[in-house]
Amino acid sequence: EPEVTQTPSHQVTQMGQEVILRCVPISNHLYFYWYRQILGQKVEFLVSFYNNEISEKSEIFDDQFSVERPDGSNFTLKIRSTKLEDSAMYFCASSGTSGGPTYEQYFGPGTRLTVT
Amino acid sequence: DAKTTQPNSMESNEEEPVHLPCNHSTISGTDYIHWYRQLPSQGPEYVIHGLTSNVNNRMASLAIAEDRKSSTLILHRATLRDAAVYYCILPLAGGTSYGKLTFGQGTILTVHP
């Protein structure tokens, strides 16, 4: 069964450093998402991406964040200058061939980001 | 997104049916009702979704009230592996929204052996 994969599973970085979290969505999916979950809190939407551009982003997704689909298979989230409060589990998700709210999203296992 | 209300927690015994309720009184005619769950230390997992009619799949059933202001996720025989947080979500439809999911607190389901 196809699945979303994410690397690395755990990333430790120092405050102020840049990190890139990588995701490989399901191959024929067209809609891509990043969510995050701070320990003990709700899952929060960060950004959605379709047709090589951001379709929607939350208030959390400020200028420090960017997303890219560099090669048609990977989908990346970059944080330019990490802060302590960026420590969280980051989940990538992808959605079906037509996308939108009628289609289910498939989530990856997550990358745990720890900023020290 | 339309607001949903779920109980904070529910308990069940293994191999018994579980009915997880969700209220969504402000639902609009085009809102789909989605259910996801999150097992401990894992990412969210799609369970089921529907619009008006009741739906069944290999994981669960979704019963939707006639006025669509509430729905119930039914796990026919709970297993220990079903212990998770269950989320009822109405993704925003239309405009520039491409199915953003807004997770609430969900219902923590505990399954006893």
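Only this structure's heavy atoms are used, side chains among them; waters, hydrogens and symmetry mates stay out. Throughout, a chain's letter reflects where its sequence line sits, starting with A, and its residues are numbered from 1.
- Rounding to the nearest 0.5 Å gives a distance of 9.0 Å between CZ of F91(A) and CD of Q42(B).
- Between the side chain of Y35(A) and the main chain of P44(B), no donor-acceptor pair closer than 3.5 Å is present.
- Relative ring orientation between Y46(B) and Y106(A) is described as tilted, the plane-to-plane angle lying within the 30° to 60° band.
- Within a 6.0 Å sphere centred on CG of D63(A), other residues, nucleotides and ligands contribute 12 heavy atoms or fewer.
- Taking chain B as the reference chain and counting heavy-atom pairs below 4.5 Å, the highest number among Q37(A), Q6(A), M89(A) is found for Q37(A).
- Counted within 6.0 Å of CZ on R77(B), heavy atoms from surrounding residues, nucleotides or ligands total 12 or fewer; the atom is thus considered open.
- Clustering ILVMFWY residues whenever any of their side-chain heavy atoms sit less than 4.5 angstrom apart, transitively, puts V47(A) in a cluster other than the one holding I38(A).
- In this structure, no portion of E44(A) lies under 4.5 Å from any heavy atom of chain B.
- L39(A) and L39(B) are not part of a single hydrophobic cluster, where members link through side-chain heavy atoms under 4.5 Å apart.
- For the atom pair N57(B) CG and E104(A) CD, the distance stands at 9.0 Å (nearest 0.5 Å).
- Nearest heavy-atom pair, L101(B) versus F45(A), reported as atom, atom and distance to 0.1 Å: O-CB, 3.9 Å.
- Linking ILVMFWY side-chain heavy atoms closer than 4.5 Å, directly or via other members, places V67(A) and I60(A) in a single hydrophobic cluster.
- To the nearest 0.5 Å, atom OH of residue Y33(A) and atom NZ of residue K100(B) are 11.5 Å apart.
- There is no path of hydrophobic side-chain contacts, each under 4.5 Å, that joins F107(A) to F32(A).
- Heavy atoms from other residues, nucleotides or ligands lying under 6.0 Å from CD of E16(B) number more than 12.
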Can you check side chain to side chain contact (heavy atoms under 4.5 Å, CB included) on Y36(B) and Q105(A), steps first, answer last? CA-CA 9 Å; Y36(B) 285 78; Q105(A) 292 180 25; 3.6 Å; yes
